[in-house]
Structure formats: structure tokens, C-alpha cells
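Source: prediction; values computed, not measured.
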Amino acid sequence: MLDLEDYIRIIPDFPKQGIVFKDITPLLSSPEATAQCLKELVQLVKAKKIDKVVGVESRGFFFGTLLAQALGVGFVPVRKPGKLPFTTIKQPYELEYGWDALEIHEDAIAKGDKVLVHDDVLATGGTAKAVCQLVEKLGGEIVQCNFIMQLDFLDGKDKLRKYPVASILNY
């Protein structure tokens, strides 16, 4: 069995000074590591009923689509404003310095859909919380928030207290 941590490249001072970026592109470059990562992500939700996987732009799309396929359910992209072609709803969220927003198609989630939210990393939790709010505005029910890795020292899980949170790697 591969140690997936060996496939996470550490990049100091990216995207800005003081940030230590965890890069998943080496993991994506290895078919064996990708397959194992997918298997472990599926194991995190094996006993749960899921109707849709929501992937967060853009790194959440890689494994979000694979998860949806492996689970036999639909995939829903959540994107930055102006990137989705159909009618959307928007959720603003606070960044460290300022605000941003995310959008989802208004017909992407049906009332009562059981939803798995997926992204590559849980850092401060603002993005994931905004995605959960979008899903709930459409009537979806968050079953779990899944991540490849969680940066525990940033306490992002605190913003997601009302949802189950799972990850493969913790830093």
C-alpha cells in the first residue's frame, strides 16, 4: 500500500510569503496513487446514502467526479461567480482579507438530496462552509464533507461543526 503523503509536494511561500502549500499534482500524476486515494475517499463514505457529490472549484473537481462515478451518483460543480452557464445562486464568504463568492446551478440539487461535499484540502473552512450553505439553500442535506487532507492547525473543522468531516491525511 502506498503512503499518499509521499505524493503531496510541499511548496513554501506559495501563493504568498508564509504559506506552505500542499500540492496534489504528484498524486494526480501517479495512476496508482490516484487509484488508492479514490479507494480511501470512497471508504470514508462507504456506509452512507449519497445522491450527489459536490466538488469545489477547481481541485475538488479531480476526485469529486471520480467519487461520483465510483458511488454511481451525479456530480455537481461549485464555481467562482460567472463561470457556470445556467441560472445560479450565490453564496458570499469571508476571506482572511476581504470577500469572495461561490455559485451553483439552481437546479443542481433537489430538495432532500443527500450530498457529499468534496474538496482537496480543508484549511480555514470558509469555502467548505459556503458550499454547504449553497447546498442547503437548494434543499439538499449534507451527509459529509470529505477532503484529501486537513490542515488541523487552521481549525477549519470548527466552521463545519454541524457536519461530519473526514479526510485521508491530517497535517
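Among all heavy-atom pairs drawn from G112 and D51, the shortest one is O-OD2, 4.1 Å. For the pair T34 and L27, the tightest heavy-atom approach, listed with the atom from each and the gap, is OG1-O, 2.9 Å. Scanning both residues, S167 and L169, for their nearest heavy atoms gives OG-O, 3.4 Å. Looking at every heavy atom in both residues, H105 comes nearest to L84 through NE2-CB, 3.5 Å. Among all heavy-atom pairs drawn from F147 and A128, the shortest one is CZ-CB, 4.0 Å. Contact between C132 and L160 at its shortest, heavy atoms only, is SG-CD2, 4.4 Å.
Once rounded to the nearest 0.5 Å, the distance linking CG of L41 with CG of N146 reads 6.0 Å. Atom CG of D155 sits about 10.0 Å away from atom CD of Q150, to the nearest 0.5 Å. With rounding to the nearest 0.5 Å, the separation of CG in D119 from CZ in F62 is 10.5 Å. Interatomic distance, CG of D158 versus OG1 of T124, reported as 11.0 Å (0.5 Å rounding). Within the model, atoms CG of L38 and CZ of F63 stand 7.0 Å from one another, a figure rounded to the nearest 0.5 Å. In this structure, NZ in K129 is found 12.5 Å from CG in L134, a value given to the nearest 0.5 Å.
In the model, K137 has a side-chain atom that pairs as donor or acceptor with a side-chain atom of Q91 under 3.5 Å. Counting only N and O atoms by type, the side chains of Q36 and E40 include a donor and acceptor under 3.5 Å apart.
Hydrophobic clustering (ILVMFWY, side-chain heavy atoms < 4.5 Å, transitive): V78 and V115 are in one cluster. Hydrophobic clustering (ILVMFWY, side-chain heavy atoms < 4.5 Å, transitive): L122 and V56 are in one cluster. Cluster membership for I89 and I142, using ILVMFWY side-chain heavy atoms within less than 4.5 angstrom, is shared. I19 and L151 fall into different hydrophobic clusters, where Ile, Leu, Val, Met, Phe, Trp and Tyr residues are linked whenever their side-chain heavy atoms come under 4.5 Å apart, directly or through other members. Cluster annotation: L138 is connected to Y163 through the hydrophobic network of ILVMFWY side chains, with a link wherever side-chain heavy atoms come within less than 4.5 Å.
Across K114, H118, K48, a single residue satisfies side chain to side chain donor-acceptor pair (under 3.5 Å) together with Q144, and that is K48. Of the options V54, V45, V143, a side-chain contact (heavy atoms from CB on, under 4.5 Å) to L116 is made by V45 and by none of the others.
With sequence neighbours excluded, the residues forming a side-chain contact (heavy atoms from CB on, under 4.5 Å) with K90 are P81, A101, E103, listed by chain and number.
Salt bridge annotation for K80-D100: present, with a cationic side-chain nitrogen under 4.0 angstrom from a carboxylate oxygen.
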Inset, instruction - Check the pair D23, I8 against side chain to side chain contact (heavy atoms under 4.5 Å, CB included), reporting the backbone distance first and the verdict last. - result: CA-CA 6 Å; D23 179 18; I8 305 297; 5.9 Å; no
Inset, instruction - List the steps, then state whether salt bridge (Lys or Arg N to Asp or Glu O under 4.0 Å) holds for D113 with K111. - result: CA-CA 6 Å; D113 273 352; K111 187 174 178 75; over 6 Å; no
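Residues V76 and I109 have side chains in contact (heavy-atom distance under 4.5 Å, counting atoms from C-beta outward). In this structure, the side chains of I24 and M149 come closer than 4.5 Å at one or more pairs of heavy atoms. In this structure the side chain of Y7 never reaches within 4.5 angstrom of the side chain of E32, judged on heavy atoms.
With side-chain heavy atoms closer than 4.5 Å counting as contact, directly or through intermediates, F86 stands alone and belongs to no larger hydrophobic cluster.
Within 6.0 Å of CD on E5 lie more than 12 heavy atoms contributed by other residues, nucleotides or ligands.
At distances below 3.5 Å, at least one donor-acceptor pair connects side-chain atoms of K52 with backbone N or O atoms of A108.
Figure legend: K22 and Y171 shown as a cation-pi pair, the cationic atom lying under 6.0 angstrom from the six-membered ring centre and within 45 degrees of its axis.
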